[in-house]
Amino acid sequence: MKFYYDILVIGAGHAGCEAAAAAANLGMKTCLMTIDMNKIAQMSCNPAIGGIAKGQIVREIDALGGYTGIIADEASIQFRMLNRSKGPAMWSPRAQCDRTKFSILWREKLENIPNLYMWQDCANELIVEEGKAVGVRTQLGAEFRAKSIIITAGTFLNGLMHIGRVQIEGGRIAEPAAKGLTESLTRHGILAERMKTGTPVRLDKRSINLQLTDIQEGDNDFHRFSYEPIERKLKQNPCWGCYTNPEVHETLRSGLDESPLYNGQIQSIGPRYCPSIETKIVTFAERDRHLLFLEPEGETTQEIYVNGFSSSLPMEIQLNALRKIPALKDAVAYRPGYAIEYDYFDPTQLKHTLESKIIENLYFAGQVNGTTGYEEAAGQGIVAGINAAQKLKGNEPFILHRDEAYIGVLIDDLVTKGVDEPYRMFTSRAEYRILLRSDNADARLTKRSYEIGLASEERYHRLLDKQKKIAELTEFIENFSVKAQYINEGLESLGTTPLTRGCKLASIIERPQVTIESIAPFIGQLESRLKKLGNSRDEIVEATEIEIKYSGYIQRERELAEKMQRLENIRIKGRFDYNSIESLSTEARQKLTAIQPETIAQASRIPGVSPSDINVLMVLAHK
């Protein structure tokens, strides 16, 4: 049997779902192929969306017209805004989700998108003709033909799980590995390597003494992932915290010789920023305890995810160690933690569109590019889906720059620097993070998405209305004068210095002790304006306040971004034979030849390319 589509997406994880949805919503006849249609957008590890920098990515996906934020809000059983004690550039939304409902909601969404079809099967072989990807052959013997193909296979390519010395082939526990696809890609010159990640034991909540843990409630305010008005319908649940102790560590050490990480069974590199518990006790041997979070897997389930206890040790050692924690002394497990090794492809082989430089019309997104995390995968997925559609339509590529989005930082890091460990996004990776806040993702990205036909007209007009209200409130605050005799009582009650003479309201809002809401009761005209904002009051006030309080920092960062943009505009792709430029360092010649950067700015971010090398390129470019 043969099937024909515009775009074929291989793998229905978080990257695949966003890629397929974007392509179909842009008018492409799209097929999403997955091994198991009951595991669409499966949360393979923790039952949560968002977190430090990851939450910003989800808001960006939502601003672009993707679905991860909407579904996370609908499936949320606890929402928190992390890092509220820091500046707004660091605020990061995170939600515990009902794992099962999250998957069900994604499938419902996908099955009701026009132009989007699904097929349950495993792709074994890529079909390449005249240097172009044109289809795949499957395990069931079907042949799928498509004008563009997006690989989003997650951890399934030659996946191998480890629990102590036990090894099981699979892409996830109880699910088969995907065989043959990697080999059919490498035959065409695409480089493949191996990576490792892991997941912790799952416990039965009924066996945990929660009275011996620290309870962690969620937030109950206006914050959401989506800019759409999504109502939380599920019961909100707490999480709980507890600590390991020296007895736990001693039990874990007793099994290190059976740990795949330390007995040579696993050779690949795991995530530095999400280490296994055995890595923690070896790397941080001086510490006598590590924090664990007990996170519910759903609204009603008893299953608990033990965040911080990822392990590939033998299952009896995992459980015996956990039982040394007072709250877990009677712990009963649903299943042990395990490590998984899988194939990924060097992302420096990709363009910023996520299209392969080696095989035309072939795109890669998600963990196959060496990343870790649902959010990083979904962000790549929507960009790959958009670009596959844009190319088929004959439109300009859709590229997000480093000062536009965390997704832009992520993709630029991947294709410019490559990876030597699973890549995880952090706020520290973004040099313009004051511009890339979680509150303004819609202002940054929705217009761009609307212009290519992905973000809806309703969403775009909601943004325009929001921006109008922010501008009106900002103008009022910047121009309204306050007099000392009317405001000093309020200022003293807020713990800030009273005025000696009148000033603009903006000067008062800039004070760290003062917020728009806290000063409004003392300024009748401000309070009346806020009341007119209705249901959008909280969102408008927060966005306005951030712009006023941090205006100096924001302006300075915009100026830095504009300076760098000049280097982004100096295009060098295809202009030079780097190997013939003797004034470049040997390492620079090698790296520039391999990566073939598009611009001077991209070249400057390549490891091994020095400032003096960039000066050489600048001189040659101007000639």
Would you verify whether the NZ or CZ of Arg437 falls within 45 degrees of the ring axis of Trp91 while also being under 6.0 Å from that six-membered ring's centre?
-> no

Would you check if Asn361 and Lys391 make a side-chain contact, meaning some heavy-atom pair closer than 4.5 Å?
-> yes

Check whether any side-chain heavy atom of Glu130 lies under 4.5 Å from a side-chain heavy atom of Glu360, and answer yes or no.
-> no

Kindly state each residue pair satisfying salt bridge (charged side-chain N to carboxylate O under 4.0 Å, His left out) with at least one member in residues 36-51, sequence neighbours excluded.
-> Lys39-Glu175

Any salt bridge between Lys573 and Glu598, counting N to O under 4.0 Å?
-> yes

For Ser92 and Asn83, test the side chains for any donor-to-acceptor distance below 3.5 angstrom and give the result as yes or no.
-> no

Hey, are Arg448 and Glu404 close enough for a salt bridge, meaning a charged N less than 4.0 Å from a carboxylate O?
-> yes

Atom CE in Met118, atom CD1 in Ile113: separation rounded to 0.5 Å?
-> 9.0 Å

Return the set of residues passing ring-ring contact (aromatic ring centres under 6.0 Å, His included) with Phe3 (not counting sequence neighbours), or none when no residue passes.
-> Trp119, Phe144

Electrostatic pair Lys196:Glu341 at N-O distance under 4.0 angstrom | no

Ring-face cation contact, Tyr450 with Arg459, 6.0 Å cut, 45° max | no

When you check the gap from the basic side-chain N to the acidic O, do Glu183 and Arg187 get nearer than 4.0 Å?
-> no

Report, as yes or no, whether the 6.0 Å neighbourhood of atom CG on Asn220 holds more than 12 heavy atoms from other residues, nucleotides or ligands.
-> no

Is it true that the side chains of Arg571 and Thr599 contain a donor and an acceptor less than 3.5 Å apart?
-> no

dist Gln367:CD -> Tyr344:OH (nearest 0.5 Å) comes out at 12.5 Å

Please answer whether the main-chain N or O of Thr348 pairs with a side-chain N or O of Lys357 as donor and acceptor at a distance below 3.5 Å.
-> yes

Ala142 backbone acceptor or donor facing Thr138 side chain under 3.5 Å = yes

Does Ile540 offer a backbone N or O that forms a donor-acceptor pair with the side chain of Thr544 under 3.5 Å?
-> yes

Looking only at non-hydrogen atoms, find the nearest pair between Lys132 and Ile359 and report the distance.
-> C-CG2, 4.0 Å

Are the side chain of Gln120 and the backbone N or O of Asn38 linked by a donor-acceptor pair below 3.5 Å?
-> no

Between Arg429 and Tyr423, is NZ or CZ placed under 6.0 angstrom from the six-membered ring centre and within 45° of the ring axis?
-> yes

Between Tyr227 and Arg59, is there a cation-pi geometry (under 6.0 Å to ring centre, at most 45° from the normal)?
-> yes

Does the side chain of Ile452 reach to within under 4.5 Å of the side chain of Ile386, using non-hydrogen atoms?
-> yes

Do Thr416 and Gln602 meet the criterion of a side-chain donor-acceptor pair at a distance under 3.5 Å?
-> yes

Ring center gap for His14 and Phe102 short of 6.0 angstrom = yes

Side chains of Val136 and Ile127: does their closest heavy-atom pair fall under 4.5 Å?
-> no

Only one of Lys29, Lys393, Lys147 clears side-chain hydrogen bond (donor to acceptor under 3.5 Å, both in side chains) with Asp6; which?
-> Lys147

Distance in Å, Ile407 CD1 paired with Arg444 CZ, rounded so as to fall on 0.5 Å steps | 9.0 Å

To the nearest 0.5 Å, how far apart are OG1 in Thr30 and CD1 in Ile7?
-> 5.0 Å

Please tell me if the side chains of Thr155 and Ser44 come closer than 4.5 Å, counting only heavy atoms from C-beta onward.
-> no

Are the side chain of Ser103 and the backbone of Thr100 linked by a donor-acceptor contact shorter than 3.5 Å?
-> no

What's the spacing between Lys179 NZ and Asn158 CG if we round to 0.5 Å?
-> 5.0 Å

Report yes if some heavy atom in the side chain of Lys469 is under 4.5 Å from a heavy atom in the side chain of Asp465; otherwise report no.
-> yes

Polar contact flag, side-chain donor to acceptor under 3.5 angstrom, Gln380-Asn369 = yes

Distance-only, no hydrogens or angles: does the Asp442 side chain make a donor-acceptor pair with backbone N or O of Ala63 under 3.5 Å?
-> no

Do Lys233 and Glu74 sit within salt-bridge range, that is, some charged N less than 4.0 Å from a carboxylate O?
-> no

Do Asn307 and Glu295 have side-chain N/O donor and acceptor atoms under 3.5 Å apart?
-> yes

Basic-acidic side-chain contact under 4.0 Å: Asp413, Arg605 | no

Heavy-atom distance under 4.5 Å between the side chains of Val419 and Pro347, does that happen here?
-> yes

Are a donor atom and an acceptor atom from the side chains of Ser226 and Asp73 found within less than 3.5 Å of each other?
-> no

Taking His223 as the fixed residue, which of Glu539, Glu542, Arg80 is the one that meets the side-chain hydrogen bond (donor to acceptor under 3.5 Å, both in side chains) rule?
-> Glu542

Verify the neighbour count for atom CD of Glu169: are there more than 12 heavy atoms of other residues, nucleotides or ligands below 6.0 Å?
-> no

Can you check whether Val383's main-chain N or O pairs, donor with acceptor, with Asn387's side chain at less than 3.5 Å?
-> yes

Hey, is the main chain of Gly16 close enough, under 3.5 Å, to the side chain of Glu18 for a donor-acceptor pair?
-> no

Flag the pair Asp62 / Ile70 as yes when at least one side-chain heavy-atom distance between them is below 4.5 Å, and no otherwise.
-> yes

Would you say the side chains of Arg94 and Gln96 form a donor-acceptor pair under 3.5 Å?
-> yes

Output the distance between atom CG (Leu26) and atom CG (Asn115), rounded to the nearest 0.5 Å.
-> 10.0 Å

Taking Tyr374 for its side chain and Gln42 for its backbone only, find out whether a donor-acceptor pair lies under 3.5 Å.
-> no

